[in-house]
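Only one structure is covered here, and it is reproduced in the block below.
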Protein chains: 2
Amino acid sequence: MEAALSIFENFGRDALTFNRLGAELGASSTAVYRHFQGRDEILEAVAEELNLISLRGYEASARWQDSLMDLAMRAWDTAEKYPAAAANSFFIATGGENELRSVDAILQALHEAGYRGSEAVVNYQVFSNMVLGSGIALASDLLLEAESGNTIANIQEYSPPRPELFPYAEAVKHELSNFNRRNVYTQHVSMLISSFEQNAPRR
Amino acid sequence: MEAALSIFENFGRDALTFNRLGAELGASSTAVYRHFQGRDEILEAVAEELNLISLRGYEASARWQDSLMDLAMRAWDTAEKYPAAAANSFFIATGGENELRSVDAILQALHEAGYRGSEAVVNYQVFSNMVLGSGIALASDLLLEAESGNTIANIQEYSPPRPELFPYAEAVKHELSNFNRRNVYTQHVSMLISSFEQNAPRR
DNA sequence: ACCTGAACACCGTTCAAGT
DNA sequence: ACCTGAACACCGTTCAAGT
């Protein structure tokens, strides 16, 4: 897994091949098959590894709101540190131990917020889709920047041939080209946590 | 683009190759290079095509809340209909016309909600990350189900070796295995729209 | 202007053979 | 138990040659 992460982050989004894994580990590429059934199984293990890294040292906070913010920022930091690995593995459901630890940690916070049963599960899904989606968006941006050499390669190349067709985008074009991704994320997480607070059943 | 979408949905997530594109179009695979610089450019065009399909017939509603819900459901329906294409292209920033139409439609709704400048842009980012992230999550689930032949292949294979380590997941394991993805999504979208309402500056 | 065929370097995967 | 080397079918991409 160390070798896999290092290959991803040194050589980019599509870099994880059996050849490179074998070379990095000082073995033949086919030897890897002795330890993984195929490429999908390696990516599953990468997903588990990123969950492990994200959760390292995690403990629930006194306030459930702080727990959720902590968990959200841990995933963000992991996506920022390992964008190529994150872009390849954030939406793989492993069913493994570290994934379950994440699930359980989120469900614990929602339990403390007062949610039970299917309401807890719906809010868990909402939270985890937000975290993983934002993580992939960040990872995609970072990879695109790394390829192109530019900073913020996203929508900010705003220069349409007929700007009069997009008046609302035109009105905020400078803000579109220049915003802080981390601020957007913390605001997004805060919005969800506030919603969880407001909608929580009283107990 | 029709051929590309058809290949994706008939043969799966990794099916879009030059060989298959050529065959589907009754031409040699290398002829495709006359029309696209490379594979990345094809995927960009697929992303534009999915935006076009999503926006077909869209008009802003009287209430900005309804506009945002409409846009959110359109992206959802597209991801459901074209999961392989969506999984490959939802986070590609094309800078193209249809992407800009989406951006502009969201910004119009947020403008009507009272947001301007960087506040509009932050909320646009929040909304679009939610929509795209949920779309990729749906697409990944559907692809996994198609591969495995099962229904809901996600976290619902919940059967850890030591369930006592995950008490909060254990408490809702039946709900984890059996939830309605569309309901989760509509609730997620509603939560964001409510937040936009509550935080909107008064004008 | 558009297409074809051969070629290149590289994939994932399998498997008989080695130690 | 673990690794290697050869082989297979398939990639994306380039390019000279055709019409």
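Quantities reported herein were computed from a predicted structural model and do not represent experimental measurements. A, B, ... follow the sequence lines: proteins, then strands. Residue 1 opens every chain.
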Grab the CG-C1' distance between L21(A) and dC3(D) for me, whole Å please.
->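 One finds 15 Å between C1' of dC3(D) and CG of L21(A), rounded.
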
Can a donor-acceptor pair be found between the side chains of Q125(B) and Q187(A) at a distance below 3.5 Å?
->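 Looking only at side-chain atoms, Q187(A) and Q125(B) do not form any donor-acceptor pair under 3.5 Å.
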
Convert the base pairs of DNA chain C into dot-bracket notation, remembering that pairs crossing earlier ones are written with [ ] and that bases paired across to another strand are shown as |; include only Watson-Crick or G-U pairs under 3.5 Å.
-> ||.|||||...|||||.||

For DNA chain C, which residues in residues 27-43 of chain A have a heavy atom at a distance below 4.0 Å?
->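 The stretch gives T30(A), Y33(A), G38(A), R39(A) as the residues lying under 4.0 Å from the strand, ordered by number.
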
Stretch residues 1-17 of chain B: residues that reach within less than 4.0 Å of DNA chain C through a heavy atom |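 Listed by number, there are none.
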
May I have all residue pairs that pass side-chain hydrogen bond (donor to acceptor under 3.5 Å, both in side chains) and include part of residues 46-55 of chain A, sequence neighbours excluded?
->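 Found E48(A)-T94(A), E48(A)-N98(A), N51(A)-S102(A), S54(A)-T78(A).
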
Are the aromatic ring centres of Y115(B) and Y124(B) under 6.0 angstrom apart?
->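 No: the rings miss the under 6.0 Å criterion.
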
Think N19(A) has a side-chain N or O under 4.0 angstrom from the OP1 or OP2 of dC11(C)?
->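 Answer is yes, contact under 4.0 Å.
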
Sidechain N-carboxylate O distance under 4.0 Å for [X], [Y]:
X: D14(A); Y: R39(B); result: no
X: R181(A); Y: E145(A); result: yes
X: D104(B); Y: R101(B); result: no

Give a yes or no on whether Q37(A) atom CD has more than 12 heavy-atom contacts from other residues, nucleotides or ligands under 6.0 Å away.
->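 Open: at most 12 neighbouring heavy atoms sit under 6.0 Å from CD of Q37(A).
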
Excluding sequence neighbours, so at least two apart, what forms ring-ring contact (aromatic ring centres under 6.0 Å, His included) with W64(A)?
->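 With neighbours one apart ignored, the set is empty.
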
Is the NZ or CZ atom of R20(A) both under 6.0 Å from the centre of the six-membered ring of F11(A) and within 45° of that ring's axis?
->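 That pair qualifies as a cation-pi contact.
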
Residues which pass side-chain hydrogen bond (donor to acceptor under 3.5 Å, both in side chains) with R74(A), listed by chain and number, not counting sequence neighbours =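 Here the qualifying residues are D70(A).
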
